[in-house]
Amino acid sequence: MTDIVDNSGVEDGASKRYLRTARKRSIIVFVMMAIVAFSVLLDVSLGPGNFPLSDIIDVLWDENSHGVSLSVIVWDIRLPVALMALLIGAMLGAAGAEMQTILNNPLADPFTLGISSAASFGASLAIVAGFSLIPYAGTLLITTNAFGFALLASFILFATTRMRGVNIETMVLVGIALMFTFNALLALMQYYSSETELQKIVFWMMGSLMRVTWSKLAICAVILGICLPIFMWRNWQLTALRLGDEKARSMGINVSRLRIEMLILVSLLSAVSVAFVGVIGFIGLVGPHMARMMVGEDQRFFLPMSVFCGALILSVASIISKMITPGIIYPIGMITSLIGVPFFLSLVLKQRKRSW
Amino acid sequence: MLKIDGLSASYGKKSILTEISIDEIKPGELTAVIGPNGTGKSTFFKAISGLLKGTLGEMVLNGDNLRELSSDVLARKICYLPQSVNTTAALTAFEVVLLGLKFQSGWRVKDEDAKQVEKIFAILDIDHLSDQYIGDLSGGQQQLVWIAQAIIRSPEMLLLDEPTSALDLQHQLAVMDLLKILTKKRNIVTMVALHDLNLAARYADKVLVIKDGKLRAFGVTEDIFRTDIINETYGVEVEVQTQPSGTILVMPIRSKRQLRADLL
Ligand SMILES: Nc1ncnc2c1ncn2[C@@H]1O[C@H](COP(=O)(O)OP(=O)(O)OP(=O)(O)O)[C@@H](O)[C@H]1O
Ligand SMILES: [Mg+2]
């Protein structure tokens, strides 16, 4: 027998086809990573002043190459904001992916279980009553309060689900109860607040990347650095979880423990992001959706892709928020929804049709 | 070899299985588990594979006391296929089966792993389904994929809960043939819950009858497939015939339970 006839691509076996798909998916993930990097660079280079990209890159390389003012603009304003968009987007993307996984529902997002409502209430309490959950918070009062209440909500969630057995229904029901409770409390705070306080609350909730500092960036990086490796380490178990509890348990997975563990990490990611930049919805829902459409739900591809999709959405939103009207930066939460929705819809429409 | 001593199982306070004891289920033999709906066949499988909290009694598989093993060791020794698996996951048939192979190992998929999955797909003749999402397959096709996932590793015991319930005649025979050969070749303990008595009679070496959570009978197929046992177990009237070829046939005649057609 000679190998004159080349059958490649015609009669490839299932394994070849799979390996090819897997390779294609890795490439998609890497391309996405490159696009995210490009978007962050664009975010840094764009803004009032119209400095050429080459100058910006010089300054990124050597802080003082183009004078103090450009150095301040790049290092103190634009770079932190661009990186915050990157990190928060990544956090929300990862949190959304794992929330959808543990709730076995692609419609879940990091804020499904009331964390954002609790955080908003915490922030409003700080704004209106000056009340602080964590003593001596000082200027970080609103941030720590939002974070504290977000964690409080997740703690109530863990405690009750642990008590009643960790299943999806309990988690969702308790989460919804928490969301309604904190929303009602938030409304109460708004009712009692003065006009300026009310304005402050509304602005806080809209979300803004302008509250960034280098120390906040460091905290975000550390938390991502803790959560992502754990998600990756659990990748087979998380993938198997989507086959249903019974199947996952028959594979030796301690489903309850896995859920609680993931819930803690997801809560941490979402609590930190809400506390730092306010409520930025949509990313945690749509980032994972885009990832799922492009690389499926094998967590080895799904998780990194969700991270990059989340990061890209927020980074692009950050660019657009300062491009619409020069000199004005629109609230980022608003922009993400406005630009995200059309893009998302186009993806949904492009997806292969289901005939049912 | 599997030995069960005084197995009882319950969901919370609701007791389902009571005091099931089986001296010995030999490896290399295919055991059919039969019995009416809701009598505890699935519960029996779940209890053995360690998925039920309220389990009492002793189960020993090849010298290991199953109740003392951790859940991941159990999952390596026992492969349990639940009666129905529903998923909306965006995973292809290939990925689902691969998961059955790789679920406790590192995350690098080697060429030989993929080859092994391909082999199972070829054995079950479902190669053409490998790239489709599991949720987009027909009921029977999905069942074949779950069977592929269940048999891809070589565990010490296979517990399959109605693996042929959605399959056409050809696939029923193919899957049962495969299970029979697999059981012999790998010398494993295989139990299959079945409602199709003819299929059970044709393929099982031993039959285990569960009714109302109790073990009603256990023995070689010819001894269990007797008119009186089947009639009593299911509340039906059947005729059990043995063909000249040795094949046992169960001919249903009628249900003994009065149908309340007047309520229609
Ligand atoms: N999760 C559960 N919680 C409470 N009771 C249950 C649960 N699962 C099953 N049962 C009860 O246990 C009994 C045995 O159920 P099981 O699923 O073992 O029956 P089965 O013999 O497999 O029936 P079938 O032939 O219909 O599959 C039934 O009465 C059922 O109502
Ligand atoms: Mg059953």
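All chains are named by letter (A, B, ...) in the order of the sequence lines, taking the proteins before the strands, and each is independently numbered beginning at 1.
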Asks: Shortest non-hydrogen contact from A:Gly252 to B:Ala75?
Replies: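 In this case the closest contact between A:Gly252 and B:Ala75 is N-CB, 3.3 Å.
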Asks: Give, for atom CZ of B:Phe103 and atom OG of A:Ser250, the distance between the pair rounded to the nearest 0.5 Å.
Replies: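 With rounding to 0.5 Å, CZ (B:Phe103) is 7.5 Å from OG (A:Ser250).
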Asks: So if I take each residue of residues 65-72 of chain B and look for any heavy atom under 4.5 Å from a heavy atom in chain A, which residues do I end up with?
Replies: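 Listed by number, the contacting residues are B:Ser71, B:Asp72.
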Asks: Measure the CG-CZ distance between B:Leu99 and A:Arg242 for me, rounded to the nearest 0.5 Å.
Replies: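 Going from CG on B:Leu99 over to CZ on A:Arg242, the span is 12.5 Å.
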Asks: Step by step, work out the salt bridge (charged side-chain N to carboxylate O under 4.0 Å, His left out) result for A:Lys16 and B:Glu118.
Replies: CA-CA 9 Å; A:Lys16 276 239 177 66; B:Glu118 177 175 304; over 6 Å; no
Asks: Testing the basics here: between B:Ser84 and A:Glu246, what is the closest heavy-atom pair and its distance to 0.1 Å?
Replies: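 For B:Ser84 and A:Glu246, the tightest heavy-atom pair comes out as O-OE1, 4.3 Å.
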Asks: What option among B:Asp111, B:Leu74, B:Val85, B:Asp131 has the most heavy-atom pairs under 4.5 Å with chain A?
Replies: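 Highest number of pairs under 4.5 Å: B:Asp131.
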Asks: Contact part of A:Leu243 toward chain B, heavy-atom cut-off under 4.5 Å: side chain, backbone, both or neither?
Replies: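 For A:Leu243, the contact with chain B is made by backbone and side chain together.
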Asks: Please state whether the side chain, the backbone, both or neither of B:Val117 comes within less than 4.5 Å of a heavy atom of chain A.
Replies: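 The answer is neither part of B:Val117.
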Asks: So how far is it from B:Thr87 OG1 to A:Asn104 CG, rounded to the nearest 0.5 Å?
Replies: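 The OG1 atom of B:Thr87 sits 6.5 Å away from the CG atom of A:Asn104.
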Asks: Measuring from A:Trp236:CH2 to B:Leu98:CG, what's the distance to the nearest 0.5 Å?
Replies: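 It is 4.5 Å, given to the nearest 0.5 Å.
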Asks: With a 4.5 angstrom heavy-atom cut-off, is it the side chain or the backbone of B:Gln149 that approaches chain A, or both, or neither?
Replies: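 Side chain of B:Gln149 only, per the 4.5 Å heavy-atom cut-off to chain A.
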Asks: With a 4.5 angstrom heavy-atom cut-off, which part of A:Asn235 approaches chain B: side chain, backbone, both or neither?
Replies: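 When you check distances to chain B, only side chain atoms of A:Asn235 fall under 4.5 Å.
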Asks: Do the side chains of A:Arg17 and B:Asp127 get close enough for a salt bridge, i.e. N-O under 4.0 angstrom?
Replies: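 Yes, charged N to carboxylate O under 4.0 Å.
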Asks: If you count heavy-atom pairs under 4.5 Å between each of A:Gln299, A:Gln237, A:Lys247 and chain B, which one has the most?
Replies: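 Ranked by contacts with chain B, first place is A:Lys247.
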Asks: Nearest 0.5 Å, please: how far is CZ in A:Arg300 from NZ in B:Lys102?
Replies: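 The distance works out to 8.5 Å.
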Asks: Is B:Lys46 close to chain A through its backbone or its side chain, or both, or neither, when contacts mean heavy atoms under 4.5 Å?
Replies: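 Answer is side chain: those atoms of B:Lys46 sit under 4.5 Å from chain A.
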Asks: Which bit of B:Leu51 is near chain A, if near means a heavy-atom gap under 4.5 Å: side chain, backbone, both or neither?
Replies: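 Both the backbone and the side chain of B:Leu51 come within 4.5 Å of chain A.
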Asks: For B:Phe94, which atoms come within 4.5 Å of any heavy atom of chain A: side chain, backbone, both, or neither?
Replies: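 The answer is the side chain of B:Phe94.
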Asks: Counting only heavy atoms not in B:Lys119, do more than 12 sit closer than 6.0 Å to its NZ atom?
Replies: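 Counting other residues, nucleotides and ligands, NZ of B:Lys119 stays at 12 neighbours or fewer.
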Asks: Over all heavy atoms of both residues, which pair between B:Ala90 and A:Arg292 is shortest? Give the atoms and the distance, please.
Replies: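 In this case the closest contact between B:Ala90 and A:Arg292 is CB-CG, 3.7 Å.
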Asks: For the residue pair B:Tyr133 and A:Gly296, what are the closest heavy atoms and their distance?
Replies: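 Taking every non-hydrogen atom into account, OH-CA, 4.0 Å.
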Asks: Give a yes or no on whether B:Tyr11 atom OH has more than 12 heavy-atom contacts from other residues, nucleotides or ligands under 6.0 Å away.
Replies: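 More than 12 within 6.0 Å, yes.
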